[in-house]
Engineer: 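A single structure is presented below for examination.
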Number of protein chains: 2
Amino acid sequence: MQNAVFKALSHPARRQILALLRKGPQLAGDLAAEFDTSWPTMSRHLAVLKDAELVTADRQGNQILYRINTSVLEDAATALLGLIGRDDGDDPIKEAAE
Amino acid sequence: MQNAVFKALSHPARRQILALLRKGPQLAGDLAAEFDTSWPTMSRHLAVLKDAELVTADRQGNQILYRINTSVLEDAATALLGLIGRDDGDDPIKEAAE
DNA sequence: CTGCTAATTAGCAAAAATGCTAATTAGGGT
DNA sequence: ACCCTAATTAGCATTTTTGCTAATTAGCAG
């Protein structure tokens, strides 16, 4: 759901997590180590991101590997860009043709 | 501030307001008329958007005209797109050159 | 099974967001 | 001055979010 995505993006720590995941998949513990907040707090941020499907989690034996889900991020970015273009109220069929 | 922007975008009504503003500048009252929520509630949503500089407000005599600020929206979209590209840890100087 | 590490879930308190009604400000018009 | 409409601000209650510590689950090693 679109709303969960923007809600998830509304906390700076969660955007920071996504930024860290740009470097590649990361273990939950490695992510937590980058922040001042407690582990359980990080864990919940990750859960929020997972709920929004902005990340995926895969257990690797003892630990859990988080991966960014770029397609959902793309959709969010596209939604924002969609708010920029002027809506001239034209017939959508004609609009698609131009 | 970047954070205020994403906070502002996290509420569906506010994204809806921005969507309505795609059609062009709108009076606060016309915007409020599109929603089920009370006027003061709408007024606060508008204030949040204004704080984030996602919209501007100009008094036109008796009423107030709201306009979308696309540049802030662009920055937000760009920030999201920035989270997508893989960070390979390369020297930023080289990276800028490619 | 016991012990150890990794991570999550439970439960709580504090802070922030939401949304309402009532009161207020701002700008005309008469 | 008075009144009317447009919009915001005040004040309050409810809900959601945040973040902590303590307790729990999950997997692996011995």
Side-chain angles (χ1 to χ4, degrees), chain A residues 1-21 23-69 72 76, chain B residues 1-21 23-69 72 76:
Chain A
M1 187 188 298
Q2 190 83 290
N3 198 30
V5 174
F6 284 108
K7 271 267 167 59
L9 289 170
S10 73
H11 196 290
R14 291 193 289 259
R15 293 196 300 279
Q16 185 94 34
I17 290 170
L18 293 176
L20 288 171
L21 288 176
K23 295 209 278 283
Q26 307 264 338
L27 299 171
D30 292 344
L31 289 170
E34 304 270 354
F35 292 80
D36 283 341
T37 58
S38 71
W39 253 48
T41 294
M42 278 301 293
S43 195
R44 190 157 49 181
H45 281 313
L46 288 168
V48 170
L49 289 169
K50 189 149 63 84
D51 263 16
E53 295 181 272
L54 280 161
V55 303
T56 58
D58 294 290
R59 185 170 277 279
Q60 308 269 309
N62 211 6
Q63 31 211 359
I64 297 184
L65 191 66
Y66 280 89
R67 245 181 277 269
I68 198 169
N69 182 354
V72 171
Chain B
M1 186 186 301
Q2 191 82 292
N3 198 30
V5 175
F6 284 108
K7 271 265 167 62
L9 290 170
S10 73
H11 195 290
R14 291 192 290 259
R15 292 195 301 277
Q16 186 94 34
I17 290 170
L18 294 175
L20 288 172
L21 288 176
K23 295 210 278 285
Q26 308 263 337
L27 299 170
D30 293 344
L31 289 169
E34 304 269 356
F35 291 80
D36 283 341
T37 59
S38 72
W39 252 46
T41 295
M42 278 300 293
S43 195
R44 191 159 47 183
H45 281 314
L46 288 168
V48 171
L49 289 169
K50 190 149 64 83
D51 263 16
E53 295 180 274
L54 280 160
V55 302
T56 59
D58 293 291
R59 184 171 279 280
Q60 308 268 306
N62 210 7
Q63 30 211 0
I64 297 184
L65 191 66
Y66 280 89
R67 246 183 276 271
I68 198 168
N69 182 354
V72 171

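Numbers restart at 1 for each chain; the letters A, B, ... are given by sequence-line order, proteins then strands.
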Engineer: In Å and rounded to the nearest 0.5 Å, what is the CD1 to CG distance from Ile68(A) to Leu54(A)?
Structural biologist: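 The CG atom of Leu54(A) is 7.5 Å from CD1 of Ile68(A), to the nearest 0.5 Å.
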Engineer: Let me check something: any side-chain donor-acceptor pairs from residues 4-17 of chain A under 3.5 Å, sequence neighbours excluded? List them with distances.
Structural biologist:
residue: Ser10(A); atom: OG; partner: Lys7(A); partner atom: O; Å: 2.6
residue: His11(A); atom: ND1; partner: Ala13(A); partner atom: N; Å: 3.0
residue: Arg14(A); atom: NE; partner: Ala8(A); partner atom: O; Å: 2.7
residue: Arg14(A); atom: NH1; partner: His45(A); partner atom: ND1; Å: 3.2
residue: Arg14(A); atom: NH2; partner: Lys7(A); partner atom: O; Å: 3.3
residue: Arg15(A); atom: NH1; partner: Leu9(A); partner atom: O; Å: 2.6
residue: Arg15(A); atom: NH2; partner: Asn3(B); partner atom: OD1; Å: 3.1

Engineer: Compare every heavy atom of Ala52(A) with every heavy atom of Val72(A), then report the nearest pair and how far apart it is.
Structural biologist: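 Closest pair (atom of Val72(A), atom of Ala52(A), distance): CG1-O, 3.8 Å.
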Engineer: Round to a whole Å and report the spacing from CE of Met42(B) to P of dT18(C).
Structural biologist: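 Value for this atom pair: 13 Å.
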Engineer: Grab the NZ-P distance between Lys50(B) and dT9(D) for me, whole Å please.
Structural biologist: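 It is 7 Å, rounded to the nearest whole Å.
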Engineer: Please report the distance, rounded to the nearest Å, between CG in Asn3(A) and P in dT18(C).
Structural biologist: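 The distance from CG of Asn3(A) to P of dT18(C) comes to 10 Å, rounded to the nearest Å.
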Engineer: In a table with atom names and distances, give each donor-acceptor pair under 3.5 Å that connects a side chain of residues 25-42 of chain A to protein atoms at least two apart or in another chain.
Structural biologist:
residue: Ser38(A); atom: OG; partner: Thr41(A); partner atom: N; Å: 3.4
residue: Ser38(A); atom: OG; partner: Thr41(A); partner atom: OG1; Å: 3.0

Engineer: Take the protein atom CG of Leu65(A) and the nucleotide atom C1' of dG27(D), then report the distance between them rounded to whole Å.
Structural biologist: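 To the nearest whole Å, that distance equals 16 Å.
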Engineer: Treating primed atoms plus P, OP1 and OP2 as sugar-phosphate and everything else as base, which nucleotides of nucleotides 23-30 of chain C get B, S or - for protein heavy atoms under 4.0 Å?
Structural biologist: ---BBS--
Engineer: Using the side chain to side chain contact (heavy atoms under 4.5 Å, CB included) criterion, which residues pair with Ser43(B)? Sequence neighbours excluded.
Structural biologist: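 Side chain to side chain contact (heavy atoms under 4.5 Å, CB included) check on Ser43(B) returns nothing, list empty.
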Engineer: Report the distance from atom CG of Leu18(A) to atom CG of Asn69(A), rounding to the nearest 0.5 Å.
Structural biologist: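 The distance works out to 10.0 Å.
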Engineer: Taking all non-hydrogen atoms of both residues, which atom of Leu65(B) and which atom of Gln60(B) are closest, and how far apart?
Structural biologist: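 Heavy atoms only, the tightest pair is CB-CG, 3.8 Å.
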Engineer: Going by number, which of residues 25-37 of chain A have a non-hydrogen atom under 4.0 Å from DNA chain D?
Structural biologist: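 Correct list: Thr37(A).
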Engineer: Relative to the 5' end of DNA chain C, which residue comes earlier, Trp39(B) or Ser43(A), by the nucleotide with the nearest heavy atom?
Structural biologist: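 Closest to the 5' end, via its nearest nucleotide, is Ser43(A).
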Engineer: So which protein nitrogen or oxygen atoms get under 3.5 Å of nucleotides 16-18 of chain D's nitrogens or oxygens?
Structural biologist:
residue: dT18(D); atom: OP1; partner: Arg14(A); partner atom: NH2; Å: 3.3
residue: dT18(D); atom: OP2; partner: Arg14(A); partner atom: NH1; Å: 3.0
residue: dT18(D); atom: OP2; partner: Arg14(A); partner atom: NH2; Å: 3.3

